[in-house]
Amino acid sequence: DKVRNAVKKLKPYVPGKSKEEIARSYGVDPKHIIKLGSNENPWGASPKIKDEIIKELDKLHQYPEPINPKLMEELSKFLNVGEENIIVGGDGADEVIDVIFKTFVDRGDEVVIPIPTFTQYRVSASIYDAKIVWARYDKENEFKLDVDSVLNNISNRTKVVFLCSPNNPTGNIIDNKDIEKIIKETDALVVVDHAYIEYSQRKYDWTEKAPKFDNVIVLRTFSKVFGLAGMRVGYGVANEEIINYLMRVKPIFSLTRLSQVCAITALRDRDFFEKCVKEGIKSREMLYNGLKKFKDIKVYPSEANYLLVELKTMKSREFCEELLKRGVIVRDCSSFDGLGDNYVRISIGTFEEIKRFLNILK
Ligand code: PMP
């Protein structure tokens, strides 16, 4: 019954397409495909990871450590929070979202989700049979969070409020004062999703502040700037009590040996990290300036590694299909709740990829 109910309510979640899938469908070489569809790091992961993975291969018959002390130490240094304030998920930040539901949300409880935003929140809510109460990011105001729409929808049944900053797919951050207001006016757990925070400015970063509150968890990931989407490592930062509850529920061995090695090595290669942040922001600017020149497209400003565009004369499905035929993957946003059928999200690429993409678009 639970699954049947969830399926009834659930619009299918269509994640971005892979290069392999497009290559199969269109009979082209995956090497020629430009993927700007899933907000990945076009420069990949730290080149130092390969050797470390090879060393680990001899140990694959042994279970991983549920809590890897080297990883916790590196993360704690990187984030400037205590090790007791961190939970690392083995299916990315998605796993932490799932564990939050498992831990804190009972059937029939309410969760507040402003839209348009990251689809996984409502997917998990449907699976756990929570009641979704929609709030909104205001389309008329460059998708700024409508704080009142959140506050007015919080009730004594609300268990979790999802705030995404920078927001996926709109790219804008949420003001500190707005987040603070929501945290202070509710006892519900406020999830501040910072999957893309590295591309933004530090003044909007709640990671260090989260452990000081008793109802905040920040989500972050290795899938974006660290270039490890394929390894599935994400983490949450909160006060020790919240982390302890979540750790009781999280599958104990979900973080594999290889994932641990990748994450540790990525954190130690700070030069590569800094380069990816800098070049990622440059790529975003190049993409923004290029897209601005098309009069049939409105480009929204972004603090993430993607840009949301509104098409004035074309539907997103047709636009994406035409680009696919030419070997470019971008994200059709029509499956996002709260957006129409003329929005597309375009991720950063290497400078060469952006140049080629803009030419194809012309
Ligand atoms: N939060 C947001 C806002 C995202 O866009 C994503 C990835 N699409 C995630 C969380 C999940 O990231 P992960 O790959 O770590 O599961």
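Note that these values count all heavy atoms, side chains included, but never hydrogens, waters or copies made by symmetry. Order of listing sets the numbers, starting from 1, for every ligand and every atom in it.
For ligand 1, one of its N or O atoms has an N or O atom of D193 under 3.5 Å away. Of the N or O atoms in R232, one or more lie within a sub-3.5 Å distance of an N or O in ligand 1. By the 3.5 Å distance cut-off applied to N or O atoms, A93 is counted among the residues near ligand 1.
Regarding atom 10 (C) of ligand 1, its nearest protein heavy-atom neighbour is F118 CE2, 3.3 Å. Closest to atom 11 (C) of ligand 1 among all protein heavy atoms lies D94 OD1, 3.2 Å.
Put simply, part of C164 is less than 4.0 Å from ligand 1, judged by heavy atoms. In this structure, F222 has no heavy atom closer than 4.0 Å to ligand 1. The shortest heavy-atom distance from E95 to ligand 1 is not under 4.0 Å. In this structure, Q120 does not count as a contact residue of ligand 1, since none of its heavy atoms falls inside 4.0 Å of the ligand.
Among V249, I242, L219, the one residue that satisfies the side chain to side chain contact (heavy atoms under 4.5 Å, CB included) test with I100 is L219. Each of F273, F272, F351 was checked for a ring pair (Phe, Tyr, Trp, His ring centres under 6.0 Å) with W43, and the lone residue meeting it is F351. Applying side chain to side chain contact (heavy atoms under 4.5 Å, CB included) to Y235 and the options V96, L79, I87 leaves one that passes, L79.
The distance between the ring centers of F118 and F336 does not fall below 6.0 angstrom. Between Y128 and F101, the gap from one ring centroid to the other is short of 6.0 Å.
Close approach of ligand 1 to G92 (heavy-atom distance below 4.0 Å) involves ligand atoms 13 (P), 15 (O), 16 (O). Near D91, meaning under 4.0 Å from any of its heavy atoms, are these atoms of ligand 1: 16 (O). Close approach of ligand 1 to S223 is summarised as follows: ligand atoms under 4.0 Å from at least one heavy atom of the residue are 13 (P), 14 (O), 15 (O). When each atom of ligand 1 is checked for a heavy atom of K224 under 4.0 Å away, the hits are 7 (C), 8 (N).
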Intermediate values then yes/no, side chain to side chain donor-acceptor pair (under 3.5 Å), E40 and S347: CA-CA 7 Å; E40 294 151 347; S347 310; over 6 Å; no
Derivation of the side chain to side chain contact (heavy atoms under 4.5 Å, CB included) call for L246 and I217: CA-CA 11 Å; L246 296 172; I217 182 163; 3.6 Å; yes
Evaluation steps, side chain to side chain contact (heavy atoms under 4.5 Å, CB included), between L323 and I34: CA-CA 10 Å; L323 281 174; I34 305 176; over 6 Å; no
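Using a 4.0 Å cut-off between heavy atoms, N168 contacts ligand 1 through its side chain alone, with no backbone atom that close.
In the hydrophobic clustering of this structure, I252 does not group with L71; members are Ile, Leu, Val, Met, Phe, Trp, Tyr whose side-chain heavy atoms approach within less than 4.5 Å, directly or through other members.
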